[in-house]
Amino acid sequence: MSGQQTTSNALPERGQLDGSRRVSIRSLGPRLASVKISKECPANVTKLTSEVFNANFPPKDWADMGLLIPHEAIRRQMSMMVQSANAMPDSPANNELWKATLFAKWYCDYFFVAVEEHHDAEEKIYFPWIKSKAEYPEKEFSKGHHDLMAAMRDMKEACTTICQKGGKECNKEIALLKNMVPIFEKDMCAHLKEEEETIPGLLRDNFTREEEGAIVEQI
């Protein structure tokens, strides 16, 4: 589940862009390479997973692309996460235990860490910065983060048990993951959509590209 592989089709290629800034974000396996965003945002919109931006409504500037980059990585990894969870046998034989243990290790070491850091950066740095000049639905966004991270911690607990037991006698934990993962993906996608619908307008109306770039450097 490489973050570099899963995002390369949707984001600008290195070396193609002039006068662009580099934005480093966390990967989901284990780090997403720094990508460059030009002022024209030449993303391959036919490959986007966003429910907000697409070929008919492409991202038009830095404000649209700010959250879109980490969100694309999260959505693509979640899609593969659902496939992997569905592929785990309910009661794996010894020669199938790797399906559960590799999933659990990836989730604990990469996915959980990356999403937690993304949410922490929003809650502790990015959203307070936006609030300094603009009104935004802080209560709704913060509740979304709280509920999503609570679900992620429940899944992490199950994955930790699977890792500790090598996947053996983990039918209960596997059942929890197979149930929770698709629900989590749906809830997270709705949360990301809400942010992509709301935040770009606040950025565009209240901040400059340079100001946003400076705060991103703190993340």
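Keep in mind that what you see is a predicted model, and the values were worked out from it rather than measured. One-based numbering along the sequence shown.
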Notebook entry, point to check: Run the salt bridge (charged side-chain N to carboxylate O under 4.0 Å, His left out) check on Glu211 and Lys133 step by step: do they pass?
Noted result: CA-CA 12 Å; Glu211 289 174 325; Lys133 286 188 179 182; 3.2 Å; yes
Next item on the list: Determine, stepwise, if the pair Glu212 / Tyr126 fulfils side-chain contact (heavy atoms from CB on, under 4.5 Å).
Entry: CA-CA 9 Å; Glu212 198 264 351; Tyr126 203 67; 3.0 Å; yes
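Checked by atom type and distance alone, the side chain of Gln218 never pairs as donor or acceptor with a backbone atom of Ile215 at under 3.5 Å. Thr161 contributes a side-chain N or O that, together with a main-chain N or O of Glu157, makes up a donor-acceptor pair within less than 3.5 Å. Remark: side-chain polar atoms of Thr198 are not paired, donor with acceptor, to backbone N or O of Glu195 under 3.5 angstrom.
In the hydrophobic clustering of ILVMFWY residues, with side-chain heavy atoms under 4.5 Å counting as a link, Val82 and Ile74 come out together.
Rounding to the nearest 0.5 Å places OG1 of Thr101 at 13.0 Å from CD of Gln164. The distance from atom CE of Met65 to atom CD of Glu196, rounded to the nearest 0.5 Å, is 10.5 Å. To the nearest 0.5 angstrom, Glu51 atom CD is 8.5 Å from Glu197 atom CD.
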Donor-acceptor pairs are to be reported for all side-chain atoms of residues 168-180 against protein atoms at under 3.5 Å, with residues two or more places apart or in another chain.
from   : atom 1 : to    : atom 2 : distance (Å)
Asn171 : ND2    : Ser91 : OG     : 3.3
Lys178 : NZ     : Ala85 : O      : 3.3
Lys178 : NZ     : Asn86 : O      : 3.1
Lys178 : NZ     : Met88 : O      : 2.8

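Side chains of Asp147 and His191 form no contact here, defined as non-hydrogen atoms less than 4.5 Å apart. Contact annotation: the side chain of Cys163 never approaches that of Phe103 to less than 4.5 Å [non-hydrogen atoms, C-beta and beyond]. Proximity of Glu116 to Met152: side-chain heavy atoms (C-beta onward) are nowhere separated by under 4.5 Å. In this structure, Trp106 and Gln77 have side chains that are in contact, with non-hydrogen atoms separated by less than 4.5 Å. Counting only heavy atoms from C-beta outward, the side chains of Glu185 and Cys189 approach each other to under 4.5 Å. Residues Leu203 and Trp62 meet the side-chain proximity criterion, which asks for heavy atoms closer than 4.5 Å. Using a 4.5 Å heavy-atom cutoff, the side chains of Ile199 and Phe127 are in contact.
Between Gly167 and Pro92 the shortest heavy-atom distance is O-CG, 4.4 Å.
The aromatic rings of Tyr107 and Phe111 sit tilted, their planes meeting at an angle between 30° and 60°. Relative ring orientation between Phe57 and Phe53 is described as parallel, the plane-to-plane angle staying below 30° on a 0-90° scale split at 30° and 60°.
Residues passing the ring-ring contact (aromatic ring centres under 6.0 Å, His included) test with Phe112, sequence neighbours excluded: none. In this structure, the side-chain contact (heavy atoms from CB on, under 4.5 Å) partners of Ala134, at least two apart in sequence or on a different chain, are Ile130, Leu202, Asn206. The salt bridge (Lys or Arg N to Asp or Glu O under 4.0 Å) test applied to Asp120 returns no partner, not counting sequence neighbours. Residues satisfying the ring-ring contact (aromatic ring centres under 6.0 Å, His included) test with Phe184, not counting sequence neighbours, are none. Qualifying salt bridge (Lys or Arg N to Asp or Glu O under 4.0 Å) partners for Arg204, counting only residues two or more places apart in sequence or in other chains: Asp61, Asp64.
Ring-centre distance between His118 and His145: not below the 6.0 Å cut-off.
A side-chain donor-acceptor contact under 3.5 Å links Thr49 and Glu72.
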